[in-house]
There are 2 protein chains.
Amino acid sequence: MSVEAKKRVPLSRERVLAAAVEIADAEGIDALTMRALAERLGVEAMSLYYHVANKAALLDGVADAVVGEILAAVTPTSAKDGADGEESGDPAPGLTASGAPSSDPSFDWRATLRTRVLAARAVLLRHPWAPPLLTRPGAFGPAAVFYFEGVLAILVRGGFSYDLAHHAIHALGSRAIGFSQELFTPGDATPDESDEVLEELAAQLPHLMGMLSEISHDDPASNLGWCDDQAEFEFGIDALLDGLEAARRRTSV
Amino acid sequence: MSVEAKKRVPLSRERVLAAAVEIADAEGIDALTMRALAERLGVEAMSLYYHVANKAALLDGVADAVVGEILAAVTPTSAKDGADGEESGDPAPGLTASGAPSSDPSFDWRATLRTRVLAARAVLLRHPWAPPLLTRPGAFGPAAVFYFEGVLAILVRGGFSYDLAHHAIHALGSRAIGFSQELFTPGDATPDESDEVLEELAAQLPHLMGMLSEISHDDPASNLGWCDDQAEFEFGIDALLDGLEAARRRTSV
DNA sequence: GGTGGGGGCGTACGGCGTAAGGTGGAGAGG
DNA sequence: CCTCTCCACCTTACGCCGTACGCCCCCACC
């Protein structure tokens, strides 16, 4: 016990973000100040700046940490213990061996997506301060990318073309995904990474890469700002209105 | 000329809010500080506190001002030339003389609502800093009430029951109304007003009052916290998913 | 022509994010 | 074993924020 008591954990970025989430959970997002965060970690405020660039970066990190929590809640078993579930554990469900998208008529995309969305919402209900953070411009980190990959996999397996799935994700937007009013706000290029790391990452995101290469005909890794906000918004409205009209007819007949 | 000479326009709440909107438009919402606002008005910062309780109240007021702008954009002709509060056009479209809701089969609620929603969005695009404000807990002022009354009138006239219209407004939520992730956050009771003023106001909001008295069986003016968040969210998802499924079928067949 | 008070002003305080430079100690090199 | 280096953390300080508290001027009204 003396050994582990003396061991001084050296305040990593992960510890900083975890403590930030704890403060926000306990006392609200306004109580999350650099000084309060430092105090909780037994450290001075300026020491935090060695691990996060500034407060905005801290909040971005916290946002991605929450998305990571959603991701964990949504993934049945982490890939860590090797026992992947049959449902979403395959390397690339919805893809044929050639890499082209393939639909599975017996797959109930609707129920699957619904379950996932409600799980995401359940996580966010545990962090009521989080949704405003997730709508911030810089809030889309690595976890969010993987989350979208998962949603996209469901849609594609359910028979959505990449194009329609792209619209659908926009339409789901903040409500159904659980966060983010406007996804993919232009101007958030992928941060600096070496090319081979980037390529390795791309191999893990088959649907995302497929969609990107289909919708935008230039380099998928170049940028993400090809979305026509107005068109996406109108598509989302129309989908919602279709659903409402159906509900109305159901009750009035 | 004595009259037209500057009465030293004594810095009303309206002037304060208008100046606040101007600052936010010009320099962003972060530039809207009490000191900057005072300077723009040729006044000291502390003078503002005579007209707004604090910064939070200022932001609430700004939010409602933006909603008022939406309302003006959406209402064909303002009732301003008339001396008093003439109801906008018809006394109560969608209501029979008895006050019961009546539907109009020839009325295209979908197109009407779509137009209105897009108009609201257009206003918000002119104030990109506004949406986060509108999702704040205290952001629902008088203008928002009237805006909802208008949406409700469209739905009712289009054949929605009050119950379904209530769900629909929740489902439309931030996306289609143009703002507000969760409408009607519980705990925002109507501010203190004399009973007769309140009653006079209620007479101008027939649909809202009708919905309230139908959905909650107690006093409509008591509170607005009767909404089951989870149920509303699921209804919204289902409507959206219905619309997406229809879109999917449209492309895959 | 006082005079009361409503409307605007001056001062000040604590807290915020963070720029700039200092420091102790662990690990590498001689 | 000593010393040098450099990482991880600390100290100090600055300018901005919202706003509590109290003063004072000016104008309306007796």
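Residue numbering restarts at 1 for every chain, and letters A, B, ... go by the order of the sequence lines. It should be emphasised that the depicted structure is a prediction, and the values quoted were computed from it without experimental measurement.
As a whole-Å value, the separation of B/K55 NZ from C/dG15 C1' is 15 Å. Rounded to whole Å, the distance from CG on A/D30 to P on D/dC17 is 18 Å. Remark: C1' of C/dG8 and CG of B/L48 are 10 Å apart, rounded to the nearest angstrom.
At a threshold of 4.0 Å, the pair A/R35-A/E44 does not count as salt-bridged, since none of the basic side-chain nitrogens sits closer than that to a carboxylate oxygen.
A/S47 has no side-chain polar atom (N or O) that falls below the 4.0 Å cut-off from OP1 or OP2 of D/dA8. At C/dG7, one or more side-chain N or O atoms of B/Y50 fall inside 4.0 Å of OP1 or OP2 (strictly under the cut-off).
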Restricting both atoms to N or O, compile the protein contacts to nucleotides 20-22 of chain D shorter than 3.5 Å, with distance only.
none

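In this structure, A/T75 contributes its side chain and A/A72 its backbone to no donor-acceptor pair below 3.5 Å. Panel note: side chain B/R136, backbone B/A56; a donor-acceptor pair is recorded below 3.5 Å.
In this structure the side chain of A/L41 reaches within 4.5 angstrom of the side chain of A/L48, judged on heavy atoms. By the 4.5 Å heavy-atom criterion applied to side chains, B/V62 and B/W129 are counted as neighbours.
B/L32 contributes atom CG, which lies 5.0 Å from atom NZ of B/K55 (distance to the nearest 0.5 angstrom). Taking CG from B/L124 and CZ from B/R121, the interatomic distance works out to 8.5 Å, rounded to the nearest 0.5 Å. Taken from CG in A/D64 to CD in A/E69, the straight-line distance is 12.0 Å, to the nearest 0.5 Å.
Listed by residue number, A/T33, A/M34, A/R35 are the residues of residues 32-44 of chain A with a heavy-atom contact under 4.0 Å to DNA chain C.
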